[in-house]
Amino acid sequence: QVQPVESGGGSVQPGGSLILSCAGVQITQYRHCLGWFRQRPGKEREGVALIDKYPSTYYSKSVKGRFTISQDSVTKTLNLQMTDLKPDDTGIYYCVATLNSLCAEYDLSEAGLFNYWGRGTQVTVSA
């Protein structure tokens, strides 16, 4: 049973950093893709970062260079390191997984591809 559970959200000032973690998901097969989506106030859910077995990683343009996705084989968690946070990063962040496909960049805009979702963790960036 795959059940993503996020942790690590919170409030931070602009320019600050946070690390989100997700338990309950792990890449064990060739056709697994894990990642993070977010829903910002008044906007649709959007992909933030994806990772697969190679590992290949993909990032949305708005976070590339500031966020890093990784899988910790010791703790068996999926992590999202977020730096230089901006008020526009405020939102609910969801850990997602599909066990049927490798990752591809266009999957960042394909929320329906991911059949496992966590409940989300709130990230608030404000002065």
Side-chain angles (χ1 to χ4, degrees):
Q1 183 74 13
V2 177
Q3 180 56 62
V5 178
E6 304 95 339
S7 63
S11 296
V12 65
Q13 293 185 341
S17 301
L18 281 174
I19 298 176
L20 305 184
S21 293
C22 178
V25 292
Q26 188 180 10
I27 298 173
T28 59
Q29 302 293 333
Y30 174 67
R31 295 176 66 83
H32 287 178
C33 177
L34 310 181
W36 293 89
F37 273 63
R38 69 183 179 187
Q39 186 155 21
R40 296 182 287 177
K43 299 186 179 181
E44 294 185 356
R45 287 186 183 183
E46 58 180 344
V48 174
L50 303 174
I51 187 169
D52 63 21
K53 190 171 177 61
Y54 284 109
S56 295
T57 56
Y58 303 93
Y59 298 92
S60 66
K61 290 181 180 180
S62 61
V63 308
K64 196 168 187 177
R66 300 187 296 122
F67 290 12
T68 303
I69 189 171
S70 63
Q71 187 168 29
D72 189 319
S73 60
V74 175
T75 61
K76 298 183 180 180
T77 56
L78 178 71
N79 299 317
L80 184 69
Q81 183 174 6
M82 306 185 293
T83 63
D84 191 22
L85 283 161
K86 306 177 186 302
D88 201 38
D89 294 317
T90 294
I92 301 173
Y93 284 69
Y94 298 91
C95 178
V96 302
T98 178
L99 307 184
N100 302 313
S101 175
L102 289 171
C103 295
E105 189 168 11
Y106 59 77
D107 293 341
L108 290 166
S109 58
E110 296 288 339
L113 175 69
F114 298 90
N115 43 0
Y116 297 100
W117 288 71
R119 294 188 174 184
T121 186
Q122 176 71 43
V123 172
T124 302
V125 185
S126 67

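Residues take their numbers from the sequence shown, with the count starting at 1.
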N-O pairing of R38 and E46 below 4.0 Å: yes
Heavy-atom closest contact (V2 atom, Y116 atom, distance): O-CD2, 3.4 Å
Check: R40 side chain, D88 main-chain N or O, donor-acceptor pair, under 3.5 Å: yes
Rounded distance (nearest 0.5 Å) linking atom NZ of K53 with atom CD of Q71: 8.5 Å
Nearest-0.5 Å distance, OG of residue S11 to CG of residue L18: 8.5 Å
In one Ile/Leu/Val/Met/Phe/Trp/Tyr side-chain cluster, 4.5 Å: V125, W36: yes
Euclidean distance, S109 OG relative to R45 CZ, rounded to 0.5 Å: 15.0 Å
Non-hydrogen atoms of L78 and C95 that approach each other most closely: CD2-SG, 3.9 Å
Whether E6 side chain and G120 backbone form a donor-acceptor pair below 3.5 Å: yes
Validation row: R66, D89 side chains within 4.5 angstrom (heavy atoms): yes
Check: L50 and F114 side chains under 4.5 Å, non-hydrogen atoms: yes
Verify same cluster id: Y93, L113 (apolar side-chain graph, 4.5 Å): no
Any S56 side-chain heavy atom under 4.5 Å of C103 side chain: no
Minimal non-hydrogen separation, C33 against L102, with atom names: CB-C, 4.0 Å
T77 side chain vs A23 backbone, donor-acceptor pair below 3.5 Å: no
Beyond-backbone contact of Y58 with D107, side-chain heavy atoms, under 4.5 angstrom: no
Shortest non-hydrogen contact between A97 and L34, atoms and distance: CB-CD2, 3.4 Å
Any P87 side-chain heavy atom under 4.5 Å of P14 side chain: yes
ILVMFWY cluster, V63 and I69 together (side-chain gap under 4.5 Å): yes
Heavy atoms of other groups near E105 CD, more than 12 under 6.0 Å: no
Cluster overlap L80 with V96, hydrophobic side-chain contacts below 4.5 Å: no
Heavy atoms of other groups near Q81 CD, more than 12 under 6.0 Å: no
Minimum side-chain heavy-atom gap T68-Y59 below 4.5 Å: yes
Shortest non-hydrogen contact between V48 and F67, atoms and distance: CG1-CD2, 3.5 Å
Pair S60-S62, side-chain hydrogen bond (donor to acceptor under 3.5 Å, both in side chains): steps then yes or no: CA-CA 5 Å; S60 66; S62 61; 3.2 Å; yes
L85 side, atom CG; T124 side, atom OG1 - distance, nearest 0.5 Å: 10.5 Å
Distance (rounded to the nearest 0.5 Å) between T98 OG1 and N115 CG: 4.5 Å
Parallel, tilted or perpendicular: rings of Y94 and W117 (30°, 60°): perpendicular
